[in-house]
Amino acid sequence: MAQLIAQVAHARDGQTLEHSTRMVEVGGVLAEAMALPVSTVEAIKLGALLHDIGKNAIPDTVLFKHGRLDPEERRIMALHPQQGHDMLRLAQHPMLDAAADIALSHHENYNGSGYPRGLAGETITLPARVVAVADVYDALRAIRSYKPGLSHEQAMRIITGGDDRTTPDCFDPAVLAALEKRQVAIQALYR
């Protein structure tokens with residue numbers, strides 16, 4: 001059922017479906033490395049699959065723009081977490097409630113610098129903190145119209161050392177430890 005929802009949700013944007021499908025794998029590896037309960041691992045995988053469902057509410061001119069987004073376009077794109085949350089909450093199902101939280105919080109940063117609510121630390125649910133790391137890793141590795149895909153080593157260097165867009169304190173240290181511990185398995189997902 002979840003795969004059907006994802007197929008329908010991402011029908012207009014195959015790139016987002018590919019990203020979300022990879023996120024299931026990366027999120028699952030991270031969650032298992034953290035020895036999380038099976039029910040939490042499954043919630044993370046479902047949430048990873050549906051985390052960008054809110055992009056369906058983003059206009060094509062923004063979603064499919066070739067090149068970097070301007071400030072107004074970034075503001076519009078930043079609405080997708082709330083929109084995804086609202087869509088998933090309509091189902092009123094416990095598993096989709098967890099996915100709704102992940103959709104809402106996957107751009108929150110552990111240091112409080114994220115969006116849409118500026119949450120910090122453990123006020124962000126653990127599943128959302130796991131998906132946040134998987135999301136950044138995959139975004140760095142993926143080829144986009146405005147950038148080439150980075151190597152595993154480059155992505156790890158940015159996540160663990162920072163760059164002009166992110167710093168290691170954006171991420172839950174326990175999730176970063178899982179990423180470093182299982183990086184060989186995660187790298188293998190991209191071959």
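All of these numbers come straight from a predicted model, not from anything done at the bench.
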Answer whether the closest heavy-atom distance between the side chains of Val136 and Ile158 falls below 4.5 Å.
-> no
Do Ser105 and Glu108 meet the criterion of a side-chain donor-acceptor pair at a distance under 3.5 Å?
-> no
For the pair Lys147 (side chain) and Ala142 (backbone), establish whether a donor and an acceptor sit closer than 3.5 Å, ignoring hydrogens and angles.
-> yes
Would a 4.5 Å heavy-atom cut-off, applied to side chains only, mark Pro127 and Ile44 as touching?
-> yes
Mind checking whether Leu50 and Leu96 have side chains closer than 4.5 Å, heavy atoms only?
-> yes
Does Tyr137 have its ring centroid less than 6.0 Å away from the ring centroid of Phe171?
-> no
Would you say the side chain of Met77 lies within less than 4.5 Å of the side chain of Lys55, judging by non-hydrogen atoms?
-> yes
Asn109 side chain to Asn111 main-chain N or O, any donor-acceptor pair under 3.5 Å?
-> no
Pick from Val130, Ile124, Val131: which one makes a side chain to side chain contact (heavy atoms under 4.5 Å, CB included) with His106?
-> Val131
Please tell me if the side chains of Asp135 and Met23 come closer than 4.5 Å, counting only heavy atoms from C-beta onward.
-> yes
Between Glu180 (side chain) and Ala177 (backbone), is there a donor-acceptor pair under 3.5 Å?
-> no
Asp101 CG to Leu126 CG distance, which is reported to the nearest 0.5 Å | 10.5 Å
Ignoring hydrogens and geometry, is there a side-chain-to-backbone donor-acceptor pair from Lys65 to Arg68 under 3.5 Å?
-> yes
Close side-chain approach of Gln82 to Asp86, heavy-atom, < 4.5 Å = yes
Sub-4.5 Å side-chain heavy-atom contact between Ile159 and Leu179 = yes
Would you say Arg182's side chain and Leu30's backbone share a donor-acceptor pair under 3.5 angstrom?
-> no
Is the backbone of Ile53 close enough, under 3.5 Å, to the side chain of Asn56 for a donor and an acceptor to pair up by distance?
-> yes
Salt-bridge contact Glu25-Arg22 (side-chain N to carboxylate O under 4.0 Å) = no
Flag the pair Ile58 / Gln83 as yes when at least one side-chain heavy-atom distance between them is below 4.5 Å, and no otherwise.
-> yes
